[in-house]
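Since this is a predicted model, take the numbers as computed values, not measurements.
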Amino acid sequence: MTDIFLQLLPFFALLGCGYIAVWTGLLSDTAIANLTRFVFYFALSAMLFNFASDLPISYIFDRQLVLAYSSASMVLYCLMTLIGRLRGCNIEESAIEAQCGVIGNTGFLGLPVLVLMFGDRAAAPVMLTLSVDLVLFGSLVVAIISANRDGRLSPVVFVTISKGLLKNPMILAMVFGLLWSLLGLPKPAPMANFLDLLGAAATPCALFAIGGSLVAKTAERVSVAGWISFAKLVLHPIFVVIATLWIFEIDPFLAAIVIASSAMPVAGNIYILAEHYKVAPHRVSSSILFSTIFSIVTLTLVIGFVSSMTST
């Protein structure tokens, strides 16, 4: 475990650098927001396209793996929604809490960390989990909130969801990358060098931006944030372990990467969603802060658990 912690330490050190830069006033919140946009629209998209363009489509659309991950996540989503309702939360607050429990920082943290630790082969299962998170659960929470406010599920909601997906650069990067692979198109040397150069900026910039964004996160509703963090960092990996190893019997390497992906802390973009719809933004903010801090320990334990599986 010590070796794994030391391998993860540089990643969290980059988070710490971002936090210190904003906390000391060296960089402003605006600077971090702009850095996040650079990563989101350029660096991470280049990395995703690069990986996807070198993969057969079957590697991404592994039906059994999709079923295993999505079913495990959906069970936890329903459980958290039920617990939220029993605690007295309304349906929108319960949906946002459930969203925090199943959507991790897979793009900004999971992909860079797991690819660097387990090699390029890890990219396919990580992108699969990212696709499920964006398409299935990203659409689900918007549909639930919209249906609750309108009293029905209007066709307009599906148009809004579709537009959001089509505008997401991570989805576009993966789709165009897979099309590039499907068509068997070569990547000229200048193009390959450009993508390598831009994609290489994704990891340090993303981690730095995550750290900087934590300064603005609050620590309100500590007990609720603790429960959500526990669900994301502990229950989500456990549910995925059960689904991938015991129910669907997934290839050990693929299962290991998906389990590690599920152990990532709460995704930062859920706060944007919560703020946009005015649904428990402070609760989400606390969950992001707590889960990111605690993931230093939990992620070490989960990666230690799955490491032996990747060598088989």
Side-chain angles (χ1 to χ4, degrees), residues 33 36-37 40 66 69-108 129-172 213 216-218 220-233 235-236 239 262 264-292:
T36 302
R37 291 189 188 97
F40 187 59
V66 169
Y69 176 74
S70 58
S71 61
S73 300
M74 185 59 74
V75 169
L76 179 59
Y77 194 97
C78 293
L79 176 63
M80 292 192 68
T81 300
L82 175 61
I83 291 175
R85 296 292 284 158
L86 291 174
R87 287 183 15 249
C89 299
N90 61 41
I91 188 64
E92 295 180 15
E93 292 172 337
S94 299
I96 284 291
E97 287 188 5
Q99 191 80 356
C100 290
V102 301
I103 306 296
N105 211 334
T106 309
F108 275 41
T129 63
L130 182 60
S131 300
V132 172
D133 289 347
L134 292 172
V135 177
L136 177 58
F137 293 103
S139 303
L140 179 60
V141 71
V142 173
I144 290 173
I145 293 174
S146 299
N148 184 67
R149 294 185 177 183
D150 297 340
R152 62 188 179 90
L153 194 56
S154 169
V156 176
V157 174
F158 295 102
V159 174
T160 301
I161 291 172
S162 298
K163 286 182 178 179
L165 292 174
L166 291 174
K167 290 180 180 179
N168 190 307
M170 290 191 289
I171 291 179
L172 292 177
S213 68
K217 298 293 182 283
T218 63
E220 299 180 22
R221 304 291 302 264
V222 173
S223 60
V224 178
W227 149 243
I228 294 173
S229 298
F230 174 78
K232 182 68 201 73
L233 300 176
L235 294 185
H236 196 200
F239 281 31
S262 69
M264 296 298 155
V266 177
N269 59 5
I270 301 177
Y271 175 78
I272 299 173
L273 185 71
E275 186 66 38
H276 174 75
Y277 286 104
K278 304 303 178 186
V279 181
H282 296 301
R283 200 176 315 173
V284 174
S285 178
S286 296
S287 302
I288 294 170
L289 177 64
F290 279 42
S291 64
T292 302

Looking only at heavy atoms, the pair that brings S286 and A225 closest together is CB-CB, 3.6 Å

Grab the two heavy atoms, one from N105 and one from G268, that are nearest each other, plus how far apart they are.
ND2-N, 4.2 Å

Kindly compute the distance separating CG (L273) from CG (N269), expressed to the nearest 0.5 Å.
8.0 Å

The reported gap from OH in Y69 to OG in S131 (rounded to nearest 0.5 angstrom) is 10.5 Å

Would you name the heavy atoms of S139 and V135 that are closest together and state the gap between them?
OG-O, 2.5 Å

Tell me if a side-chain donor or acceptor on K232 pairs with a main-chain N or O of W227 at a distance below 3.5 Å.
no

Going from CD on E92 to OG on S146, what distance comes out if it is rounded to the nearest 0.5 angstrom?
8.5 Å

Would you check, one step at a time, whether the test side-chain contact (heavy atoms from CB on, under 4.5 Å) holds for V284 with E97?
CA-CA 7 Å; V284 174; E97 287 188 5; over 6 Å; no

V266 and I103, any side-chain heavy atoms less than 4.5 Å apart:
no

Inter-residue atom distance I96.CD1 - Y277.OH, 0.5 Å rounding:
9.0 Å

With the side chain counted from C-beta on, respond yes when M170 and L134 share a heavy-atom pair under 4.5 Å apart, and no when they do not.
yes

For the residue pair Q99 and F137, establish whether any side-chain heavy-atom pair is separated by less than 4.5 Å.
yes

Qualifying residues under side chain to side chain contact (heavy atoms under 4.5 Å, CB included), relative to T106, sequence neighbours excluded
V126, T129, L130, D133

Beyond-backbone contact of R283 with C89, side-chain heavy atoms, under 4.5 angstrom
yes

Identify the heavy atoms of E275 and P281 that sit nearest to each other, and give their distance.
OE1-CB, 3.4 Å

Out of the candidates V102, L140, V132, L79, only one should pair with M74 under the side chain to side chain contact (heavy atoms under 4.5 Å, CB included) rule; please name it.
L140

Between H236 (side chain) and S262 (backbone), is there a donor-acceptor pair under 3.5 Å?
yes

So which atom in S70 and which in L136 form the shortest heavy-atom distance, rounded to 0.1 Å?
CB-CD2, 4.0 Å

Considering all heavy atoms of both residues, which atom of A216 and which atom of S285 are nearest to each other, and what is their separation?
O-OG, 4.4 Å

Can you confirm whether M80 sits close enough to S94 that some side-chain heavy atom of one is under 4.5 Å from a side-chain heavy atom of the other?
no

Hey, what do you get for CD1 (I270) to SG (C100), rounding to the nearest 0.5 Å?
4.5 Å

Are V141 and Y77 close enough that some pair of their side-chain heavy atoms sits under 4.5 Å apart?
yes

Would you indicate whether the side-chain heavy atoms of F40 and P169 approach each other to under 4.5 Å?
yes

The reported gap from CG in L235 to CZ in F230 (rounded to nearest 0.5 angstrom) is 4.5 Å

